[in-house]
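See structure below.
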Amino acid sequence: MITESAEVQCVLKDEDIEEGTLTVSRQCVNNGYFEFGAAYASELKFHTRTDKLVWSSLVGRYLRVTYGLQLSDGTYEEVPVGVFRITECSFSKDGLRRITAYDCLVTLDWELYFLSTSGNSPYQVLQFALDITTQVEIAYGMKTPKVTLGNTKEEIESMPNGTLPLPTSDDIKTPRECISAVAEILGCFVEADRTVPNKIWLRRFRTDTVFRVIPPDIRFSYDVDIDWDRPCDVSTQIRYLDDGSERTSSYTYTAKGDGEFFLTGGYRMILDNKILNLMGETNAKKAADNLAAELTRINQKEYLPVSFAFFGDPSLDPGNMVTCAYNGTEHPTLIGSTVWNYRNTENVTAISGNKTTDISQSKSGLKNETSSGASEEKGASAMRYYTYGNAERIAIADGSMADIAAIRVLSYRATTIVFHAEIRLDVSTTEIIADEKAVA
């Protein structure tokens, strides 16, 4: 881990970090429900007692986190975990320092009342939203780092609605809200670059390839959301000018999607996008149709929401597809959020849906909160495993007592509980085999 600024660079090693305190949280959806346009900032937290740093000037400096992966030949590969900007440093009497840092998306939260989404294309609007250095200096008298877009103009134009002209919206107040609204129209989400400071990328959900396989022997627990379904249709409010009254009116337009693996026919994704609402009937309908087609592309892949905890992989990204074994079958799982804990378990939440409601997401501009720890209590229909250790001895069939290695409790639909116990037995025998060794 490197703490860097223009004046100093300092390397923090394993011994400088309090055991079990280093966590990195990322997400591309809200509470596991499918959505477009998420622009959540990744969060880094850790505790340290090191005296290598000047604590009075730590806020605002950058942290570059890398993970040393030992290869089979004994060499190490540096896996980039991310670049973060320190926003908080608290102290305690015993010398413990608590550090909190976020990626560069939090530097786009300046409220600029004169910010407008003027531009002829999504790419131009994104560039305008990122060009805020001078505006912030004028409005607040402060300097802010320049954030750049990693995508090329051609990459943005290849996305759904990537060439549609976008109108001006005076309701958008911050650059991150603007970028989130554009990303929603493009059918993607926003993430910060892992290696380059102050660079962001717009990413589509990667359902075409499996990033890795999560075998049961590296998985500590898992949770399957059985009562779920996929988003299929896209609904949005469309404003139009009533020729009779010469007043602006609106109506709800629903674009129909398709797919092969729906459980109950899917549900609607409702958009409340401050740019899409102003695009006019023709372009707004086209944008909604293109987003429904993007959902159709995603829904051509069969996947099951298997959330799990495992040994951990710092290179795992939200939006990736992994394969998990469940009920004797390997199922692709689309990742919605990860919480990576160095030298501890990593918790992965799968993208699922709720077939009982047609509201699948936050409104545009609300899906960019600073904290990215996404969690939500599942319904009673979810299947859960709980593991307990240090249990007392139990009596087995012949009345003798046995030590318990572990107990796993499986709960399902709040009506069924199954206990699985692993016990230690002292077994002896007098049977003699060919090599005259007793079988124990």
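Computed from a predicted structure; not experimentally measured.
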Working for side-chain contact (heavy atoms from CB on, under 4.5 Å), residues Thr349 and Val339
CA-CA 9 Å; Thr349 301; Val339 180; over 6 Å; no

Go through the steps for Glu78 and Thr66 under the test side chain to side chain donor-acceptor pair (under 3.5 Å), then give the verdict.
CA-CA 6 Å; Glu78 296 295 328; Thr66 58; 3.2 Å; yes

Going through the distances and angles, do Val306 and Asp223 end up as a side-chain contact (heavy atoms from CB on, under 4.5 Å)?
CA-CA 6 Å; Val306 182; Asp223 182 355; over 6 Å; no

Please test Thr252 against Gln237 for side chain to side chain donor-acceptor pair (under 3.5 Å), starting from the C-alpha separation and ending with a verdict.
CA-CA 5 Å; Thr252 300; Gln237 288 289 314; 2.4 Å; yes

Quick one, Glu330 with Cys324, criterion side-chain contact (heavy atoms from CB on, under 4.5 Å). Give me CA distance, side-chain angles, the key distance, then yes/no.
CA-CA 5 Å; Glu330 291 189 349; Cys324 290; over 6 Å; no

Run Asp103 and Arg85 through salt bridge (Lys or Arg N to Asp or Glu O under 4.0 Å) and show every step you take.
CA-CA 6 Å; Asp103 65 30; Arg85 194 165 185 258; over 6 Å; no

Apply the test ring-ring contact (aromatic ring centres under 6.0 Å, His included) to residues Phe220 and Phe311: give CA-CA distance (whole Å), side-chain angles for both, the deciding distance (0.1 Å), then the verdict.
CA-CA 8 Å; Phe220 300 114; Phe311 284 153; 5.0 Å; yes

Can you check side-chain contact (heavy atoms from CB on, under 4.5 Å) on Glu19 and Asn344, steps first, answer last?
CA-CA 9 Å; Glu19 186 73 22; Asn344 209 326; over 6 Å; no

Trp110 vs Thr174, side chain to side chain donor-acceptor pair (under 3.5 Å): CA-CA, chis, key distance, verdict:
CA-CA 6 Å; Trp110 298 96; Thr174 70; over 6 Å; no

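Distance check, rounded to the nearest 0.5 Å: CG of Asn347 to OG of Ser221 gives 7.0 Å. Taken to the nearest 0.5 Å, the OG atom of Ser121 stands 9.0 Å off from the CD atom of Gln127. For the atom pair CG (Leu130) and SG (Cys104), the distance works out to 9.0 Å, reported to the nearest 0.5 Å. A distance of 11.5 Å separates CG in Leu295 from CG in Asn290, rounded to the nearest 0.5 Å. For the atom pair NZ of Lys45 and CZ of Phe84, the computed distance is 13.0 Å after rounding to the nearest 0.5 Å. In this structure, NZ in Lys153 is found 8.0 Å from OH in Tyr123, a value given to the nearest 0.5 Å.
You'll find the side chain of Asp233 stays beyond 4.5 Å of the side chain of Met269, heavy atoms only. Side chains of Tyr342 and Tyr67 form a contact here, defined as non-hydrogen atoms less than 4.5 Å apart. Contact annotation: the side chain of Leu291 never approaches that of Thr236 to less than 4.5 Å [non-hydrogen atoms, C-beta and beyond]. Counting heavy atoms from C-beta on, the side chains of Leu108 and Ile132 come closer than 4.5 Å. You'll find the side chain of Ile335 stays beyond 4.5 Å of the side chain of Ile351, heavy atoms only. Side chains of Val24 and Asn341 form no contact here, defined as non-hydrogen atoms less than 4.5 Å apart. Between Glu294 and Cys188 there is no side-chain heavy-atom pair separated by less than 4.5 Å. Between Phe46 and Thr23, the closest side-chain pair of non-hydrogen atoms is not below 4.5 Å.
The backbone N or O of Asn273 lies less than 3.5 Å from a partner atom in the side chain of Asn277, making a donor-acceptor pair. No donor-acceptor pair closer than 3.5 Å links the side chain of Thr148 to the backbone N or O of Lys199. In this structure, the side chain of Arg61 does not engage the main chain of Ile86 through any donor-acceptor pair within 3.5 Å. A donor-acceptor pair is defined here as one N or O able to donate and one able to accept, closer than 3.5 Å; no such pair exists between the side chain of Thr338 and the backbone of Trp340. Of the possible polar contacts, none joining the Asn151 side chain to the Ile156 backbone as a donor-acceptor pair under 3.5 Å is found. Checking side-chain atoms of Asn161 against main-chain N and O of Ala287 turns up a donor-acceptor pair under 3.5 Å. Within the 3.5 Å criterion, the main-chain N or O of Thr152 finds a donor-acceptor partner in the side chain of Glu155. Under a 3.5 Å cut-off, the side chain of Asp16 and the backbone N or O of Lys13 do form a donor-acceptor pair. No donor-acceptor distance shorter than 3.5 angstrom exists from the side chain of Thr323 to the backbone of Val213, with no hydrogens or angles considered. Looking only at distances, no side-chain donor or acceptor of Glu177 sits under 3.5 Å from a matching main-chain atom of Ile172.
Salt-bridge formation is not detected for the pair Asp208/Arg297: no Lys NZ or Arg NE/NH1/NH2 atom is positioned less than 4.0 Å from an Asp or Glu carboxylate oxygen. With salt bridges taken as basic N to acidic carboxylate O contacts below 4.0 Å, none links Glu88 and Arg98. Using a 4.0 Å cut-off between charged side-chain N and carboxylate O, Asp289 and Lys256 make no salt bridge. Salt bridge present: Arg176 and Asp109 bring a charged side-chain N and a carboxylate O closer than 4.0 Å.
Note: Phe36 and Phe34 meet the aromatic proximity criterion, with ring centroids under 6.0 Å apart.
Taking every heavy atom of both residues into account, Cys178 and Ala129 meet most closely at SG-CB, 3.8 Å. In plain terms, the two heavy atoms of Pro231 and Asn299 that are nearest each other are O-ND2, 2.9 Å. When all heavy atoms are compared, the tightest approach of Ile218 to Phe310 is O-CB, 3.0 Å. The two atoms that bring Arg206 and Asn320 nearest to each other are NE-OD1, 2.8 Å, heavy atoms only. Closest non-hydrogen pair, Glu184 versus Leu271, comes out as OE2-CD2, 3.5 Å. Contact record, Gly336 with Pro318: O-CB, 3.7 Å, taken as the closest heavy-atom pair.
For the pair Arg230 and Tyr303, the cation sits on the ring face: its NZ or CZ lies under 6.0 Å from the ring centre, inside 45° of the axis.
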Indicate every side-chain donor-acceptor pair of residues 189-196 with a distance under 3.5 Å to a residue at least two apart or in another chain.
unit_1: Glu191; atom_1: OE2; unit_2: Arg203; atom_2: NE; d: 2.8
unit_1: Asp193; atom_1: OD1; unit_2: Thr195; atom_2: N; d: 2.7
unit_1: Asp193; atom_1: OD1; unit_2: Thr195; atom_2: OG1; d: 2.9
unit_1: Asp193; atom_1: OD1; unit_2: Val196; atom_2: N; d: 2.8
unit_1: Asp193; atom_1: OD2; unit_2: Trp201; atom_2: NE1; d: 2.7
unit_1: Arg194; atom_1: NE; unit_2: Asp317; atom_2: OD1; d: 3.1
unit_1: Arg194; atom_1: NH1; unit_2: Pro80; atom_2: O; d: 2.9
unit_1: Arg194; atom_1: NH1; unit_2: Pro314; atom_2: O; d: 2.7
unit_1: Arg194; atom_1: NH2; unit_2: Pro314; atom_2: O; d: 3.1
unit_1: Arg194; atom_1: NH2; unit_2: Leu316; atom_2: O; d: 3.2
unit_1: Arg194; atom_1: NH2; unit_2: Asp317; atom_2: OD1; d: 2.7

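With no hydrogens or angles considered, no side-chain donor-acceptor pair links Arg97 and Thr48 at under 3.5 Å.
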